[in-house]
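In this chain, residues are counted from 1 in sequence order. Every number for a ligand or one of its atoms is a count from 1 in the order of the listing. As a basis for the values below, the full set of heavy atoms in this structure was taken, side chains included, without hydrogen atoms, waters or symmetry mates.
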Amino acid sequence: MPGAESTTARCSPPVAARGLTRRYGPIRAVDGVDLQLERGEFLTVFGPNGAGKTTLLKTLACLVKPNAGTLTIFGFDPRRSFDQVKRRLGLIAHTGLLYGGLSARDNLLFFARLYDVGDPGRRADEMLEEVGLTERADDLVRTFSRGMQQRLSIGRALIHDPDLVLLDEPYTGLDQHASRMLRGLLEQIRGKGRTLVMVTHHLEEGLEVSTRLAIMTRGRIAWEAGAGSLSRAALEKFYLEVVGGGA
Ligand code: ATP
């Protein structure tokens, strides 16, 4: 029932997780996380290596299954309604999720068609322009530098204009120009009332774009605050206090 489906999506929070847990053998990578995000929120998660940030993001992206707890995305349980969840989600991950043997344009065309984007050719060209790759549109992705692949994976993740955007260290490998481009894109996305969750090690990057900040240690959200008027120095102080000796 499409009507019921869109009402569910409209009235439900983009992310609602309770007691979310993901174990790898004895390791509790994500350990009982409660998280609710409203539309227009931009949460940045900081934390030391091995704290569980990527695993949390992968769980929200439905790439790994939680061992315990509940998760809904726009009111949908990913285990039952993966299609509804998938088309509302965009993930910028460590691995670019790109096809090296296809050109940049063909990669974007492929994902545009996969997501049933209207006029996929026009949309692919629009995204190539946004991420500054128009001149390399016909080159094979396996010949791209790391930063160029990262630019394209940003285009891929945003091609279907997702309502919830998940970003894992999205600035990795980007030059100054591309970092500015990404900041602009993130502001645009937030301006449209979309919801974002970003994982980064760079306090500055998180502080300048987010509405909400969290620090994760040992699989748990150990500290959370509104970004508001928090200064870089204050955030660093909290970070050092919370993280202390390590993950
Ligand atoms: P980093 O900042 O180094 O990227 P992170 O906070 O993103 O770290 P995760 O990658 O989520 O941390 O890892 C959390 C814990 O889960 C680590 O102890 C890691 O070794 C473990 N882990 C993650 N993925 C796997 C896996 N596929 N198999 C086994 N253990 C895993």
Side-chain angles (χ1 to χ4, degrees), residues 14-37 41-71 73 78-79 82 85 89-98 146-147 149-151 153-154 156-157 164-174 178-179 182-183 186 195-210 212-225 227 232 235-247:
V15 173
R18 281 220 145 271
L20 206 62
T21 299
R22 170 67 197 197
R23 289 185 292 270
Y24 290 108
I27 297 170
R28 287 175 167 266
V30 174
D31 189 9
V33 166
D34 294 333
L35 180 66
Q36 178 151 331
L37 289 174
E41 281 199 296
F42 190 149
L43 171 72
T44 292
V45 183
F46 306 106
N49 293 137
K53 305 178 299 295
T54 293
T55 309
L56 175 63
L57 218 58
K58 281 184 178 169
T59 313
L60 298 181
C62 315
L63 289 179
V64 299
K65 283 192 185 143
N67 300 102
T70 59
L71 171 68
I73 303 289
R79 288 169 305 183
F82 184 64
V85 170
L89 258 180
L91 172 69
I92 299 173
H94 281 183
T95 49
L97 310 170
L98 298 167
R146 182 172 168 210
Q149 292 201 20
Q150 180 67 353
R151 287 176 182 228
S153 69
I154 292 167
R156 178 203 55 73
L164 174 63
V165 182
L166 306 171
L167 311 106
D168 197 354
E169 293 283 354
Y171 289 92
T172 305
L174 296 184
S179 296
L182 177 59
R183 223 169 291 132
L186 297 183
T195 309
L196 301 99
V197 184
M198 174 166 80
V199 161
T200 179
H201 287 288
H202 301 282
L203 302 185
E204 205 87 43
E205 279 166 8
L207 198 54
E208 67 187 1
V209 289
S210 311
R212 203 167 139 186
L213 306 167
I215 300 172
M216 222 175 152
T217 59
R218 301 174 196 274
R220 296 183 176 205
I221 293 184
W223 177 90
E224 242 197 292
R232 164 78 163 77
L235 177 59
E236 189 166 355
K237 180 170 163 286
F238 284 127
Y239 185 87
L240 293 174
E241 275 172 17
V242 171
V243 170

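Surrounding CZ of Arg183 are more than 12 heavy atoms belonging to other residues, nucleotides or ligands, all under 6.0 Å away. Within a 6.0 Å radius of CZ in Arg232, other residues, nucleotides and ligands contribute more than 12 heavy atoms.
For the pair Gln150 and Ile92, the minimum side-chain heavy-atom distance is below 4.5 Å. Looking at Leu56 and Leu20, their side chains come closer than 4.5 Å, going by heavy atoms from C-beta outward. Taking 4.5 Å as the limit, every side-chain heavy atom of Val197 sits out of range of all side-chain heavy atoms of Leu167. The shortest side-chain heavy-atom distance between Phe46 and Val242 does not fall under the 4.5 Å cut-off.
Counting protein heavy atoms under 4.0 angstrom from atom 26 (C) of ligand 1 gives one or more.
Atom 24 (N) of ligand 1 has as its closest protein heavy atom Tyr24 CE1, 3.3 Å. The single protein non-hydrogen atom nearest to atom 3 (O) of ligand 1 is Asn49 ND2, 2.9 Å, given as residue, atom name and distance. For atom 18 (O) of ligand 1, the closest non-hydrogen atom of the protein is Ile27 CG2, 3.7 Å. Looking only at protein heavy atoms, the nearest one to atom 10 (O) of ligand 1 is Thr54 CB, 3.8 Å. Ranking protein heavy atoms by distance to atom 13 (O) of ligand 1, first place goes to Thr55 OG1, 3.8 Å. Residue, atom and distance of the protein heavy atom nearest to atom 2 (O) of ligand 1 are Lys53 NZ, 2.7 Å.
Closest of all the heavy-atom pairs between Arg212 and Glu41 is NH1-OE1, 3.0 Å. Between Met198 and Leu186, the shortest heavy-atom distance links the atoms SD-CD1, 4.4 Å.
The shortest separation from a heavy atom of Gly219 to ligand 1 is not under 4.0 Å, leaving the residue out of contact.
Interface atoms of ligand 1 facing Ala29, defined by a heavy-atom separation under 4.0 Å, are 14 (C), 15 (C), 16 (O). If you number the atoms of ligand 1 from 1 as listed, the ones under 4.0 Å from a heavy atom of His201 come out as 2 (O).
With distances taken over non-hydrogen atoms, the option nearest atom 17 (C) of ligand 1 out of Gly52, Ala51, Gly50 is Gly50.
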